[in-house]
Each structure stands twice: as C-alpha cells, then as structure tokens.
A.B. asks: 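The following block contains the structure, expressed as structure tokens.
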Amino acid sequence: MSILTSKTSSRGQIPRDQAMPVAGSPTARTETDDNLWTGRLVVFLRVMAMLSLAVGLYHWAQLTGFIGGEDDAFENQTVAWQAATVYFAVIELVAAVGLWLATPWGAVVWLTTVVSMAVVELMFPMIYGGNLVIVGLETAMLTAYLGLAWMAARERPP
C-alpha cells in the first residue's frame with residue numbers, strides 16, 4: 001500500500017480536495033442544481049428569442065409584401081398601421097438578438113415589445129384589430145419571465 005501511495009504522490013497529482021469535480025460526481029451535480037432556475041431562464045429566453053425572430057420576420061414580410069394581396073399591401077394601410085408595423089419589425093429582431101445572448105438589454109427590449117404590443121392591441125384596436133388572445137399570450141409570457149427571473153435571482157446570493 002505504501003508503494004502505491006508513493007508512486008501516486010511522486011507523479012505530481014493534485015490533492016483530492018483541490019481536484020475539479022467530475023461530471024458524474026455528486027459534487028458536480030450540486031453545482032448544477034444551484035443554477036437550476038438560471039438554466040431554465042436561459043432556455044426560456046432562447047425560446048422567446050426564436051418567437052421574437054419569427055414575429056419580427058412576419059412584420060418584415062408584411063412590410064415588404066411577401067404576405068398578403070394587393071389590398072393588404074403596406075402602402076394601402078393606414079399610417080398608424082404602417083408605423084406600428086415598422087416599429088415591431090425592427091424592435092422584435094433587436095429583442096431576438098438580445099434574448100438569444102441572454103443579455104440584460106435583450107430582456108429590457110423584449111419587455112418593451114411585449115408591453116407595446118399589449119398597449120397597441122388594447123388601446124388602439126383600429127391598428128391591429130384589438131385581439132385579446134394576443135394580449136393574453138403577452139401577459140402569460142411576461143408572467144413566466146418574471147417568475148423565472150425571480151427564482152433565478154433567489155439562487156444567487158447578493
């Protein structure tokens with residue numbers, strides 16, 4: 001036994017208490033458990049990034065005429081509809097990039113888009129039609145984000 005110990009110590013191995021945890025070890029598992037909600041928040045942000053990208057591209061398709069007929073053409077719409085469509089076409093794509101990178105500014109831009117769309121749907125129904133389903137979805141996404149952000153913030157001590 002002492003021969004085996006002397007061989008391992010002569011190789012210059014790191015002492016056991018200073019070694020990095022292996023992926024399957026209980027020590028590594030507790031590290032990932034500590035960031036469980038943060039990981040869930042990042043997954044949620046990535047899903048919202050893909051959704052924002054799709055919505056932004058939808059608005060660009062409306063703007064450029066890829067979808068809709070001649071009656072639905074951009075130049076045939078009201079000025080309020082045109083302004084809202086250009087706004088959402090730009091801000092949704094900016095939010096998608098920020099959300100995918102999981103940056104604080106990305107979440108702020110995304111929250112701006114969510115609140116803006118809810119306000120446009122509720123306060124100005126003549127622009128997009130006042131669809132309450134959209135408002136409900138936006139509210140659910142906002143609530144999910146706030147809940148995940150709250151739980152992730154509780155994981156990290158101040």
Side-chain angles (χ1 to χ4, degrees), residues 19-158:
M20 301 275 300
V22 180
S25 71
T27 310
R29 226 175 290 125
T30 56
E31 269 186 50
T32 57
D33 287 346
D34 290 343
N35 296 326
L36 178 68
W37 289 104
T38 303
R40 289 178 179 173
L41 177 63
V42 170
V43 169
F44 177 79
L45 292 176
R46 296 268 167 97
V47 169
M48 290 300 103
M50 290 184 282
L51 185 62
S52 288
L53 180 67
V55 170
L57 291 176
Y58 171 76
H59 285 292
W60 274 106
Q62 286 180 318
L63 208 131
T64 57
F66 280 124
I67 60 173
E70 286 186 28
D71 294 337
D72 296 331
F74 182 77
E75 57 270 1
N76 294 337
Q77 300 296 328
T78 64
V79 174
W81 187 92
Q82 290 175 347
T85 302
V86 169
Y87 170 77
F88 286 115
V90 173
I91 200 166
E92 287 283 356
L93 296 181
V94 173
V97 171
L99 287 172
W100 188 264
L101 297 174
T103 60
W105 64 264
V108 170
V109 173
W110 178 73
L111 289 171
T112 303
T113 64
V114 167
V115 171
S116 298
M117 183 58 83
V119 167
V120 166
E121 292 288 350
L122 286 175
M123 304 291 190
F124 306 101
M126 64 283 203
I127 295 176
Y128 288 135
N131 192 348
L132 293 179
V133 173
I134 299 292
V135 176
L137 289 172
E138 300 283 348
T139 304
M141 290 186 301
L142 178 63
T143 304
Y145 169 74
L146 292 175
L148 287 169
W150 177 268
M151 295 305 288
R154 290 183 61 196
E155 284 180 341
R156 295 183 297 271

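Please read all numbers here as calculations on a predicted model, not as lab measurements. What's counted below: heavy atoms across the whole structure, side chains too, no hydrogens, waters or symmetry copies.
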A.B. asks: Is W150 atom CH2 crowded by more than 12 heavy atoms from other residues, nucleotides or ligands, each under 6.0 Å away?
C.D. replies: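 Not more than 12 within 6.0 Å, no.
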
A.B. asks: Between T78 and M126, does a side chain to side chain contact (heavy atoms under 4.5 Å, CB included) hold up when you go through it step by step?
C.D. replies: CA-CA 10 Å; T78 64; M126 64 283 203; over 6 Å; no

A.B. asks: Minimum heavy-atom separation for L63 to A89, with atom names?
C.D. replies: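 So the minimum-distance heavy-atom pair works out to CD1-CB, 4.3 Å.
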
A.B. asks: Does any N or O in the side chain of E92 come within less than 3.5 Å of the main-chain N or O of L57, such that one atom is a donor and the other an acceptor?
C.D. replies: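 Not at all, since once roles are kept as given, no pair shorter than 3.5 Å links the two residues.
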
A.B. asks: Ignoring hydrogens, what is the shortest heavy-atom contact between L36 and E155? Give both atom names and the distance.
C.D. replies: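 Residues L36 and E155, closest heavy atoms: N-OE2, 2.9 Å.
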
A.B. asks: Write down the atom of V133, the atom of N131, and the distance for their closest heavy-atom approach.
C.D. replies: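 It is N-OD1, 3.1 Å.
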
A.B. asks: Less than 4.5 Å apart, any side-chain heavy atom of V47 and any of L99?
C.D. replies: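 Sidechains of L99 and V47: no contact.
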
A.B. asks: Drop me the distance from L148's CG to T143's OG1, to the nearest 0.5 angstrom.
C.D. replies: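 Here the interatomic distance stands at 11.0 Å.
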
A.B. asks: Let me confirm one number: the CD1-CD distance from I67 to Q62, rounded to the nearest 0.5 Å.
C.D. replies: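 Taking CD1 in I67 and CD in Q62, the distance rounds to 4.5 Å.
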
A.B. asks: Under 6.0 Å from the CZ atom of F74, do we count more than 12 heavy atoms belonging to anything else shown?
C.D. replies: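 Yes.
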
A.B. asks: Would you say the side chain of Q77 lies within less than 4.5 Å of the side chain of T85, judging by non-hydrogen atoms?
C.D. replies: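 They are not in side-chain contact.
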
A.B. asks: Without placing hydrogens or testing angles, list every side-chain donor-acceptor pair under 3.5 Å for residues 111-119, not counting sequence neighbours.
C.D. replies:
from : atom 1 : to   : atom 2 : distance (Å)
T112 : OG1    : V108 : O      : 2.8
T113 : OG1    : W110 : O      : 2.6
S116 : OG     : Y87  : OH     : 3.0
S116 : OG     : T112 : O      : 2.6

A.B. asks: If I compare all heavy atoms of R156 with all of A152, which pair ends up nearest, and what's the gap?
C.D. replies: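 It is NH1-O, 3.5 Å.
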
A.B. asks: Parallel, tilted or perpendicular for Y128 and W81, by the 30°/60° rule?
C.D. replies: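 Perpendicular, since the angle between the ring planes exceeds 60°.
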
A.B. asks: For residues A96 and S52, report the shortest heavy-atom separation together with the two atoms involved.
C.D. replies: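 In terms of heavy atoms, the two residues are closest at CB-CB, 3.9 Å.
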
A.B. asks: Quick check for you: to the nearest 0.5 Å, what is the distance between L146 atom CG and M151 atom CE?
C.D. replies: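 Between atom CG of L146 and atom CE of M151 there are 13.5 Å.
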
A.B. asks: Please find the pair of heavy atoms, one from A107 and one from Y145, that lie closest to each other, and give the distance.
C.D. replies: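 Scanning both residues, the minimum pair turns out to be CB-OH, 3.4 Å.
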
